[in-house]
Amino acid sequence: MKKIFEINPYHPFIKELLERVKAGADEDTEVIAKMLYDVGLLNAGYIIDESTQFSDRFYRVLSDAMGLDRNLTPQEFELPSEEKPVEESVIVEGDDEEKSDEDEPQYDDSTGDL
């Protein structure tokens, strides 16, 4: 299959990016442009050579979208310990036949439905 990378100049993202560049591109505009380029490569079937830089840009954009500080780091914390009751085993009497494939739901790969 032939890989095709193309940019739609009428897409709202590209139009907004152009306006930002005309107004004087800042660091955020550069990050957005690189993200759009990387996502375009992925959509076209190419592999991104600089995956670490891609993930850094992705987390930066995601942090901004979620309203989180870009410099936050994971913090460890302890979960409250709750003792869960031990579930009792249930003995079911019946025939010891193994289940056939007919007893299991069938998954249709073409539709993603059961």
Side-chain angles (χ1 to χ4, degrees):
M1 179 177 201
K2 186 176 180 179
K3 297 177 184 177
I4 299 172
F5 179 81
E6 69 180 26
I7 295 173
N8 177 357
Y10 305 106
H11 193 284
F13 290 160
I14 300 301
K15 291 172 103 175
E16 176 62 25
L17 188 60
L18 177 60
E19 293 304 315
R20 289 180 181 216
V21 169
K22 285 179 181 178
D26 59 358
E27 186 179 347
D28 287 341
T29 303
E30 183 179 344
V31 168
I32 291 168
K34 288 179 179 179
M35 281 290 299
L36 284 172
Y37 177 75
D38 288 342
V39 170
L41 287 176
L42 290 172
N43 284 337
Y46 291 94
I47 296 173
I48 297 175
D49 292 331
E50 300 172 347
S51 61
T52 302
Q53 288 85 354
F54 171 76
S55 64
D56 289 344
R57 287 189 292 270
F58 173 80
Y59 289 129
R60 179 178 174 174
V61 170
L62 189 60
S63 294
D64 289 349
M66 296 178 74
L68 298 173
D69 179 2
R70 293 178 183 171
N71 299 317
L72 285 178
T73 56
Q75 302 291 321
E76 288 190 26
F77 61 93
E78 287 193 33
L79 295 173
S81 64
E82 295 180 17
E83 290 196 30
K84 295 183 180 179
V86 177
E87 293 183 23
E88 293 181 25
S89 297
V90 178
I91 299 174
V92 178
E93 292 186 26
D95 52 6
D96 293 336
E97 291 181 23
E98 290 185 24
K99 284 187 172 184
S100 69
D101 289 340
E102 294 173 5
D103 295 336
E104 297 294 322
Q106 300 299 308
Y107 184 78
D108 183 355
D109 289 332
S110 65
T111 64
D113 294 333
L114 286 175

May I ask whether [X] and [Y] are part of the same hydrophobic cluster, defined by side-chain heavy atoms of I, L, V, M, F, W, Y residues being less than 4.5 angstrom apart, directly or through others?
X	Y	answer
L17	L41	yes
L36	L18	no
F54	L62	yes
L42	I4	no
V21	V31	no

[X] [atom1]: over 12 foreign heavy atoms closer than 6.0 Å:
X	atom1	result
I47	CD1	no
F13	CZ	no
F58	CZ	no
R57	CZ	yes

Closest heavy-atom pair and its distance - G40, F5 | C-CE1, 3.3 Å
State plainly whether the residues D28 and R60 are in salt-bridge range, i.e. N to O under 4.0 Å.
-> yes
Do E30 and K34 meet the salt-bridge criterion of a basic N to acidic O distance under 4.0 Å?
-> yes
Pair Y37 and Y46, ring centroids less than 6.0 Å apart | no
In Å, rounded to the nearest 0.5 Å, how long is the span from CD of E16 to CD1 of I32?
-> 8.0 Å
So, the side chain of [X] versus the backbone of [Y]: is there a donor-acceptor pair under 3.5 Å, distance only?
X	Y	answer
S55	T52	yes
D69	L72	no
K3	G45	yes

Decide yes or no on side-chain contact (heavy atoms from CB on, under 4.5 Å) for I48 and Q53, but give the supporting numbers first.
-> CA-CA 10 Å; I48 297 175; Q53 288 85 354; over 6 Å; no
Using only heavy-atom distances, determine whether the side chains of Q75 and T73 contain a donor-acceptor pair under 3.5 Å.
-> yes
